[in-house]
Amino acid sequence: MARVGIIGGTGVYDPSWLVNPKEQIIETPYGKAQIIEGPLRSRPGQSVVFMNRHGAGHSVPPHQVNYRANIWALKSLGVKRVIATAAVGSLNLAMPAGSMVLVDQFLDFTKSRPDTFFDGSDGRVVHTDMSSPYCRATRSRVQAAGARAGVSLVMGGVYVTTEGPRFETAAEIRAYRLLGGDVVGMTSVPEVVLARELGICYATVAMVTNFAAGISQTALTHQEVLEVMGSNAHRLREVLLEVLPDVGEEFACECPAGEPPVRS
Ligand code: HPA
């Protein structure tokens, strides 16, 4: 059974799932990453690694998350598949607050983040295929697990990643809608890109917490995002608990193998 990883925010990790979970700091060439790991109580052969993207107490803003250290750490632990969770705003009236979307594409509007392991420093030029950044087979398993748990998930959607930490203007949201965006958040890029570079299968469950700027008639606040996330976290946990034994199984998918890491 393969090790699986969960990258999530507050409210996703439930200590009762794991037997004797251990906290660890993993040293990487890009800095430290913190994880919690343990065998799944419902299937002791299945090891699960939890990572809190924004650090303890949600103290790291999206543009300063050390994405490279996080993904490198998961790779070095032998994690084969990652399910990430993310709070998002919605640009799509068919995806109101509380919707969970298994996004299949992204649009990248980030500006200032280290977003590759292949920065040229070792003399290698690597261009990673990004046609299907999110693993379809893993997404299907999450959707099926959701159905078993009585939680419906939308299969597919375009995740617009903005730089943040500010929310968007109403004009930006109008533009992103014209470009085909469904949901907007601040973290999927470069996380999914780095996972693809190293050949980790990656899927995101995007939890809609609000209609995006200009669609919502009220000003957006981080508090609102946290509240809606908090009141839906139990549904997300049910889906994750149901799918975790499943994603550790060997199964075929179309994701490319990735490149070996450049540094050791
Ligand atoms: N915009 C960007 N990120 C978000 C939003 C939003 O409206 N809601 C939750 N995360």
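Counting starts at 1 for both ligands and their atoms, in listed order. It should be emphasised that the depicted structure is a prediction, and the values quoted were computed from it without experimental measurement.
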Would you kindly say whether N92 and S90 are connected by a side-chain donor-acceptor distance under 3.5 Å?
-> no
Sub-4.0 Å atoms of ligand 1 with respect to non-hydrogen atoms of G185 = 2 (C), 3 (N)
For L220, the atoms of ligand 1 under 4.0 Å from one of its heavy atoms are 7 (O)
Among all protein heavy atoms, pick out the one at the shortest distance from atom 8 (N) of ligand 1; state its residue, atom name and that distance to 0.1 Å.
-> N210 OD1, 2.7 Å
Closest non-hydrogen protein atom to atom 4 (C) of ligand 1, residue and atom name please, with distance?
-> V184 O, 3.6 Å
CZ/R136: more than 12 non-hydrogen atoms of other groups inside 6.0 Å = no
Under 3.5 Å between some N or O of ligand 1 and some N or O of G89?
-> yes
Would you call the rings of Y134 and Y202 parallel, tilted or perpendicular if under 30° counts as parallel and over 60° as perpendicular?
-> tilted
Is there a side-chain contact between V193 and D108, using heavy atoms and a 4.5 Å cut-off?
-> no
Nearest heavy-atom neighbours spanning P256 and R196 = O-NH2, 3.1 Å
Contacting atoms of ligand 1, where contact means under 4.0 angstrom from a heavy atom of E168 | 1 (N), 2 (C), 6 (C), 7 (O)
Do any pairs count as a ring pair (Phe, Tyr, Trp, His ring centres under 6.0 Å) and have a residue in residues 168-196, sequence neighbours left out, and if so which ones?
-> F109-Y176
If you look at every heavy atom in V184 and A212, which pair is closest and at what distance?
-> CG1-CB, 4.0 Å
Looking only at heavy atoms, is any part of T209 under 4.0 Å from ligand 1, and if so is it the side chain, the backbone, or both, or is it neither?
-> side chain
For ligand 1, find out whether one of its N or O atoms is nearer than 3.5 Å to an N or O atom of T162.
-> no
Atom indices of ligand 1 within 4.0 angstrom of A87 heavy atoms, with elements = 9 (C), 10 (N)
Side chain, backbone, both or neither: the part of V88 lying under 4.0 Å from ligand 1 by heavy atom | backbone
